[in-house]
Amino acid sequence: MPAMKIAVLSRNSKLYSTRRLIEAGQQRGHEMRRIDYLRCHMNIASMRPAIYLGDEELDNYDAVIPRIGASHTFYGTAVVRQFEMMGTYSVNESVAISRSRDKLRSLQLLARKGIGLPVTAFAHDTKATGHLIKLCGGAPIVIKLLEGTQGVGVVLAETTKAAESVIEAFRGLDANILAQEFIKEAGGADIRCLVVGDKVVAAMKRQGSEGEFRSNLHRGGSAEVVKITPEERSTAVRAARIMGLNVAGVDLLRSNHGPVIMEVNSSPGLEGIENATGKDVAGRIIDFIVKHAKPSATRTRGKG
Ligand code: ADP
């Protein structure tokens, strides 16, 4: 297998995931480089799409690994799309990244394909609040800001009154929210499945700190390796495939009615999962790219 030239599109070379991807690529003999996508500029008007970093034209990469931060989705996906238009293989395509960044759209896509989800309701008009709460089976319910990450803006309302107040407050701020059935039996834990291609290459259980229903590691949760069931495995792989992601962090809860999906993340952090499981996830991502990246192997070429 000839060596490849692979770019990791990331803002910061010190980030664990970025470092590990570079390292795993180099260990396998590939030429690796971190490129800050916000410093790239593009020539869109010409018949020959081009992308530049300063004076340098970035026209000879075999593959890119997008690590687009949630706050830079717009520009970041434009950069990825430009690479796709040039025929460069992107391990996660721009359309799939954009899709996964919209929580509501993601849930709709997963629901359409029959993936298990917590009962979820969404409204713009606050007049619908009462019905929204009823749809989710009544209090306690979880209310989420659609734009939130790392558990910020995820609230457990224990009573109907509390739920009404929270919904009213968020709506007053003109925020988009969704209401969700509270999966109490998950016990403040979720399962993160790291999917590469059609496999779960690592899985961990995250447990929220004492008295916390949110399991986010950034909120003081702890992680341990977990053995997942065949149903959980196939749910995670199907969810990634429906989103169109080759690399995904699929979060699910263990509910009384089987695994339910919380979220499908297109730039999953590698630190927590590699440390918890001892698996070389970065290496599996590189191996996947080597197997699948052919010139112009990007399915959409930036279309859609
Ligand atoms: P974020 O994307 O900000 O991390 P999530 O929707 O993943 O937000 O919610 C954060 C955490 O809160 C989840 O990992 C899970 O532990 C908990 N949680 C979220 N929704 C529910 C729910 N409907 N029932 C039970 N726990 C939930």
Side-chain angles (χ1 to χ4, degrees), residues 68-71 73 97-111 115-122 132-160 162-163 166-167 170 175-195 203-224 226 228 232 235-236 239-240 243 245 248-269 271-273 276:
I68 309 300
S71 49
T73 303
I97 299 170
S98 307
R99 209 182 270 147
S100 73
R101 288 290 156 88
D102 182 336
K103 266 192 196 184
L104 189 61
R105 185 177 177 197
S106 304
L107 293 176
Q108 288 174 320
L109 287 169
L110 296 170
I115 294 282
L117 299 170
V119 177
T120 303
F122 178 77
L132 211 64
I133 297 169
K134 212 185 285 165
L135 283 176
C136 297
I141 64 167
V142 176
I143 297 153
K144 299 185 187 186
L145 279 179
L146 277 187
E147 289 77 18
T149 57
Q150 298 176 353
V152 178
V154 179
V155 179
L156 173 60
E158 308 263 8
T159 64
T160 305
V166 172
I167 292 173
F170 280 162
N176 279 314
I177 52 159
L178 59 79
Q180 209 164 52
E181 160 198 16
F182 175 49
I183 310 293
K184 186 165 192 280
E185 61 272 24
D190 76 350
I191 311 279
R192 158 60 62 98
C193 298
L194 212 305
V195 177
M204 66 175 165
K205 180 174 174 176
R206 295 178 297 197
Q207 180 73 55
S209 49
E210 187 66 32
E212 171 64 71
F213 82 102
R214 294 166 298 180
S215 56
N216 305 70
L217 299 183
H218 288 94
R219 313 207 61 80
S222 57
E224 61 180 58
V226 69
I228 57 170
E232 289 164 347
T235 301
M243 300 302 297
L245 294 166
V250 180
D251 296 341
L252 50 88
L253 298 185
R254 287 179 162 167
S255 85
N256 289 338
H257 44 100
V260 291
I261 298 279
M262 286 277 97
E263 189 167 36
V264 183
N265 193 316
S266 59
S267 288
E271 186 167 18
I273 193 119

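When a ligand or atom number is given, it counts from 1 through the structure's own listing order. This chain uses plain numbering: 1 for the first residue, then up along the sequence.
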### Query
So between Leu156, Thr120, Ile183, whose heavy atom ends up nearest atom 24 (N) of ligand 1?
Ile183
### Query
Within the side chain of Arg206, is there an N or O that forms a donor-acceptor pair under 3.5 Å with the backbone of Asp190?
no
#### Entry: Atoms of ligand 1 close to Phe182 [distance to a heavy atom under 4.0 angstrom, numbered from 1]
24 (N), 25 (C)
### Message
Could you work out, for atom 6 (O) of ligand 1, the closest of Met262, Arg192, Lys144 by heavy-atom distance?
### Response
Lys144
### Message
Is there a side-chain contact between Ser266 and Arg101 in this structure, where contact means two heavy atoms from C-beta onward sitting under 4.5 Å apart?
### Response
yes
## Note on the structure
ligand 1 to Val154, heavy atom cutoff 4.0 Å, flagged ligand atoms 8 (O), 9 (O)
### Message
Counting only nitrogen or oxygen atoms and a 3.5 angstrom limit, does Arg206 reach ligand 1?
### Response
no
### Task
Using modelled atom types only, decide if a donor and an acceptor are shared between the side chain of Ser209 and the backbone of Glu212 within a distance under 3.5 Å.
no
### Task
Using non-hydrogen atoms of the residue, decide whether Asp251 is closer than 4.0 angstrom to ligand 1.
no
### Query
Looking at Asn216, which atoms of ligand 1 are within less than 4.0 Å of one of its heavy atoms?
4 (O), 10 (C), 11 (C)
### Query
Between Gln207 and Gly187, is there a donor-acceptor pair closer than 3.5 Å when you use the side chain of the first and the backbone of the second?
yes
#### Entry: Check: Arg99 and Leu245 side chains under 4.5 Å, non-hydrogen atoms
no
#### Entry: Arg214, portion touching ligand 1 at heavy-atom distance under 4.0 Å
both
#### Entry: Leu178 and its side chain to side chain contact (heavy atoms under 4.5 Å, CB included) partner, picked from Leu146, Ile143, Val142
Leu146
### From the candidates Ala186, Gly221, Ser215, Ala70, the one that places a heavy atom nearest atom 13 (C) of ligand 1
Ser215
### Task
Say whether Lys103 and ligand 1 are in contact under the criterion: heavy-atom distance to a ligand atom below 4.0 Å.
yes
### Query
Roughly how far apart are Leu253 CG and Gln180 CD, rounded to 0.5 Å?
8.0 Å
### Query
Should you measure from each heavy atom of Asp190, which atoms of ligand 1 turn up under 4.0 Å away?
14 (O)
### Task
Return each pair, listed once, that meets salt bridge (charged side-chain N to carboxylate O under 4.0 Å, His left out) where at least one residue sits in residues 175-188; pairs must be two or more places apart or across chains.
none
### Those atoms of ligand 1 less than 4.0 Å from some heavy atom in Glu181
22 (C), 23 (N), 24 (N)
